[in-house]
Amino acid sequence: MTQSLIIGTTKGLFLVDPDDGAVRGPFCDGWTINHAAADPATGTIWAGGGNEFFGGGVWRSADGGATWAVTRLSKGQIDDWAAQDPGVAEWSSLTFDPPPPYADRFGAVWSLRHAHGALSAGTKGGVLLRSTDGGESFAEVEGLSAHPGRDQWQGGAAGLTLHTILTHPKDAAKMWVGISAAGIFATEDGGATWEKRTRLSNAEACAHSDHPAAPRDGELGGCVHNMVRANGDGDLLYQQNHHGVWRSSDGGRSWDDITEGLPSTFGFPIAVDPEDPATVFTLPLNGDSVGRFPPGASAAVWRSRDGGESWEKTQAGLPTENCFFTVLRQAMATAPGGVWFGTNSGSVFGSRDDGDTWTEVARHLPTILCVEAAGHA
């Protein structure tokens with residue numbers, strides 16, 4: 001049973017009761033929180049974020065959000081201020097000695113993943129970190145940093161962001177990451193080596209487009225927006241990227257285009273039912289340069305029950321007129337018995353019937369960057 005929704009926003013982290021909409025927060029001293037993770041076994045919550053002012057870091061709470069501590073990882077403008085004025089340190093309540101270990105190596109933390117006793121963190125700058133002490137300290141995953149061709153990686157509109165981390169439930173050596181706009185990378189040896197996985201299964205079947213992010217030369221393009229792994233022993237992946245929705249049944253070694261039936265090729269989030277690998281949810285937007293809001297200004301979550309072979313619109317309870325919000329890449333989550341998403345206008349919508357009907361769970365929050373469901377096994 002989902003005990004709370006973890007909501008990352010531009011003004012801190014919030015905990016929202018999915019049943020009565022009760023809101024706790026903001027936490028994390030008002031930092032921008034890009035992503036969050038939780039350990040249902042211990043109740044620990046981690047929140048990753050930061051910005052140019054604070055630098056990058058990971059907050060953690062071992063008591064369900066009552067108290068928080070932060071591990072600062074990279075510098076921000078406040079570090080320069082503190083160096084010039086010791087009073088800044090006292091005012092900010094941050095620790096500047098020793099300085100953040102990665103200095104200017106990367107920017108904010110953009111993604112978190114807790115699995116197999118380790119916490120992984122992806123950053124703006126395309127650097128992957130790993131912690132084995134619950135988030136108190138992190139080490140860089142050198143294998144990804146040393147990937148051949150890294151000097152050719154291109155950043156997206158938000159920079160070179162490692163925004164998605166996926167793991168295998170049984171095999172700790174397997175991991176997938178999504179980096180905008182470099183692509184998808186996978187390891188099967190615990191991060192020592194990484195393989196780029198953006199190959200199309202049938203290049204001839206893909207629609208041709210002159211858009212810079214469109215598939216070409218047998219590749220689906222590097223601007224992956226979000227990616228999920230279906231539960232089970234197989235490596236069934238789904239992704240929404242800048243130019244379509246895609247499915248891979250072989251861990252990303254090849255991808256099939258499953259965009260047909262959707263109103264747009266563009267969107268950010270994608271989610272899969274934790275109990276049915278063939279039930280997938282996405283929220284298309286009208287396009288990258290025409291507003292990035294629901295097509296026709298009518299909000300709808302599109303659902304597939306056959307792995308993307310067909311799609312149906314679900315929007316009962318959603319705003320269907322004059323709706324111009326955006327739903328960002330990490331702002332949709334599923335748990336047994338529920339699916340939720342958050343908007344950049346501060347609303348959280350949820351469904352307890354696989355999307356047949358929707359309810360506004362919370363409103364008037366800051367811009368929502370991530371939604372995660374905590375408390376379920």
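- The closest donor-acceptor contact from the side chain of His168 to the backbone of Gly234 lies at 3.5 Å or more, if one exists at all.
- A salt bridge links Asp235 with Arg229: the distance from a Lys NZ or Arg NE/NH1/NH2 to an Asp or Glu carboxylate oxygen falls below 4.0 Å.
- With a 4.5 Å cut-off on side-chain heavy atoms, Glu309 and Ser304 do not count as touching.
- Residues Arg253 and Glu188 are paired through a salt bridge, judged by an N-O separation under 4.0 Å between the basic side chain and the carboxylate.
- Checked against the 6.0 Å centroid threshold, Phe341 and Trp358 count as a close aromatic pair.
- Taking 4.5 Å as the limit, every side-chain heavy atom of Trp255 sits out of range of all side-chain heavy atoms of Pro215.
- In this structure a side-chain-to-backbone donor-acceptor pair under 3.5 Å is missing from Thr132 to Ala118.
- Residues Pro319 and Phe349 meet the side-chain proximity criterion, which asks for heavy atoms closer than 4.5 Å.
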side-chain contact (heavy atoms from CB on, under 4.5 Å), that's the test. Do Ile179 and Val224 meet it? Break it down for me. CA-CA 7 Å; Ile179 305 174; Val224 53; 5.9 Å; no

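- Each of Trp31, Trp59, Phe96 was checked for a ring pair (Phe, Tyr, Trp, His ring centres under 6.0 Å) with Phe54, and the lone residue meeting it is Trp31.
- Aromatic ring centres of Trp110 and His35 lie farther apart than the 6.0 Å criterion allows.
- A 6.0 Å sphere centred on CD of Glu142 holds more than 12 heavy atoms belonging to other residues, nucleotides or ligands.
- Taking the six-membered ring for Trp and the full ring otherwise, the centers of His225 and His163 sit at least 6.0 Å from each other.
- Put simply, CG on Leu283 and OG on Ser264 are 10.5 Å apart, with the number rounded to the nearest 0.5 Å.
- Minimum heavy-atom separation, Thr265 to Gln240: O-NE2, 3.1 Å.
- Separation of the Trp153 and Phe185 ring centroids falls under the 6.0 Å cut-off.
- In this structure, the side chain of Trp176 engages the main chain of Gly251 through a donor-acceptor pair within 3.5 Å.
- Ion pairing between a basic and an acidic side chain is recognised when a charged N comes within 4.0 Å of a carboxylate O; Asp189 and Lys174 show no such pairing.
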- I would like to know whether Leu112 and Val58 meet side-chain contact (heavy atoms from CB on, under 4.5 Å); could you show each step before the answer? CA-CA 9 Å; Leu112 294 173; Val58 176; 4.1 Å; yes

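- In this structure, Ser74 contributes its side chain and Gly56 its backbone to a donor-acceptor pair below 3.5 Å.
- Both Val280 and Leu236 are part of a single hydrophobic cluster, where members link through side-chain heavy atoms under 4.5 Å apart.
- No hydrogens or angles considered: a donor-acceptor pair under 3.5 Å links the side chains of Thr198 and Glu219.
- Judged by distance alone, the side chains of Trp246 and Asn241 do bring a donor and an acceptor atom under 3.5 Å apart.
- With hydrophobic clusters built from ILVMFWY side chains whose heavy atoms lie under 4.5 angstrom apart, Ile368 shares a cluster with Val23.
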Intermediate values then yes/no, side-chain contact (heavy atoms from CB on, under 4.5 Å), Thr279 and Val272: CA-CA 6 Å; Thr279 297; Val272 61; 6.0 Å; no

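- Thr359 contributes no side-chain N or O that, together with a main-chain N or O of Val361, makes up a donor-acceptor pair within less than 3.5 Å.
- A donor-acceptor pair shorter than 3.5 Å cannot be found between the side chains of Thr320 and Gln315.
- Residues Lys313 and Ala300 approach most closely at CG-CB, 3.5 Å, considering heavy atoms.
- Remark: Arg247 does not engage Asp257 in a salt bridge, criterion side-chain N to carboxylate O under 4.0 Å.
- The two atoms that bring Leu13 and Ala36 nearest to each other are CD1-CB, 4.0 Å, heavy atoms only.
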*Carefully, step by step, assess Phe268 and Thr282 under the rule side-chain contact (heavy atoms from CB on, under 4.5 Å).*
CA-CA 8 Å; Phe268 287 107; Thr282 188; over 6 Å; no

(request) Could you walk me through whether Asp354 and Arg303 pass the salt bridge (charged side-chain N to carboxylate O under 4.0 Å, His left out) test, one step at a time? (result) CA-CA 8 Å; Asp354 277 344; Arg303 176 182 64 199; 5.9 Å; no

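- The backbone N or O of Asn344 sits less than 3.5 Å from a side-chain atom of Thr367, completing a donor-acceptor pair.
- Nearest heavy-atom pair across Gly261 and Trp311 is O-CB, 4.2 Å.
- When every heavy atom of Ala335 is checked against every heavy atom of Pro274, the shortest pair comes out as C-CG, 3.5 Å.
- More than 12 non-hydrogen atoms from other residues, nucleotides or ligands lie less than 6.0 angstrom from NZ of Lys196.
- Transitive grouping of hydrophobic side chains (ILVMFWY, heavy atoms separated by less than 4.5 Å) brings Val70 and Phe53 into a common cluster.
- Crowding of Arg150 atom CZ: a count of heavy atoms from other residues, nucleotides or ligands under 6.0 Å exceeding 12.
- A single hydrophobic cluster is not seen to contain both Val371 and Met332; linkage of ILVMFWY side chains at heavy-atom distances under 4.5 Å, directly or through other members, places them apart.
- Taking 4.5 Å as the limit, every side-chain heavy atom of Ser92 sits out of range of all side-chain heavy atoms of Trp81.
- Judged purely by distance below 3.5 Å, without hydrogens or angles, the side chains of Gln239 and Asn226 never pair a donor atom with an acceptor atom.
- Classification of the Tyr102-Phe106 ring pair by plane angle, with boundaries at 30° and 60°, yields tilted.
- Counting heavy atoms from C-beta on, the side chains of Leu285 and Pro294 come closer than 4.5 Å.
- Annotation: Glu260, atom CD; neighbour count of heavy atoms from other residues, nucleotides and ligands within 6.0 Å does not exceed 12.
- In this structure the side chain of Asp104 reaches within 4.5 angstrom of the side chain of Lys75, judged on heavy atoms.
- A donor-acceptor pair under 3.5 Å is absent between the side-chain atoms of Thr9 and the main chain of Pro366, judged by distance alone.
- In this model, a donor atom of one side chain and an acceptor atom of the other lie less than 3.5 Å apart for Glu140 and Ser145.
- For Trp46 (side chain) and Gly134 (main-chain N/O), a donor-acceptor pair under 3.5 Å exists by modelled atom type.
- A distance-only check finds a donor-acceptor pair linking the side chain of Ser351 to the backbone of Thr357 [under 3.5 Å].
- Defined by atom type and a distance below 3.5 Å, a donor-acceptor pair is missing between the side-chain atoms of Arg113 and Ser120.
- Electrostatic pairing of Arg72 and Asp79 counts as a salt bridge here, judged by a charged N lying under 4.0 Å from a carboxylate O.
- Distance check: Leu365 CG to Ile7 CD1 gives 7.0 Å after rounding to the nearest 0.5 Å.
- Residues Ala333 and Glu372 share a closest heavy-atom pair of CB-CA, 4.0 Å.
- Taking 4.5 Å as the limit, every side-chain heavy atom of Phe293 sits out of range of all side-chain heavy atoms of Cys323.
- Ion pairing between Arg352 and Asp19 holds under the 4.0 Å rule for side-chain N and carboxylate O.
- Annotation: side chain of Val109 is not in contact with side chain of Asn34 (no heavy-atom distance under 4.5 Å).
- Placement of Leu200 and Met227 within a single hydrophobic cluster is found when ILVMFWY residues are connected by side-chain heavy-atom separations under 4.5 Å, directly or transitively.
- Donor-acceptor pairing under 3.5 Å is lacking for the side chains of Ser347 and Ser345.
- Using a distance-only test at 3.5 Å, with no hydrogens or angles considered, no donor-acceptor pair links the side chain of Asp39 to the main chain of Gly43.
- Under the 30°/60° scheme for interplanar angles, the aromatic rings of His242 and His211 are found to be tilted.
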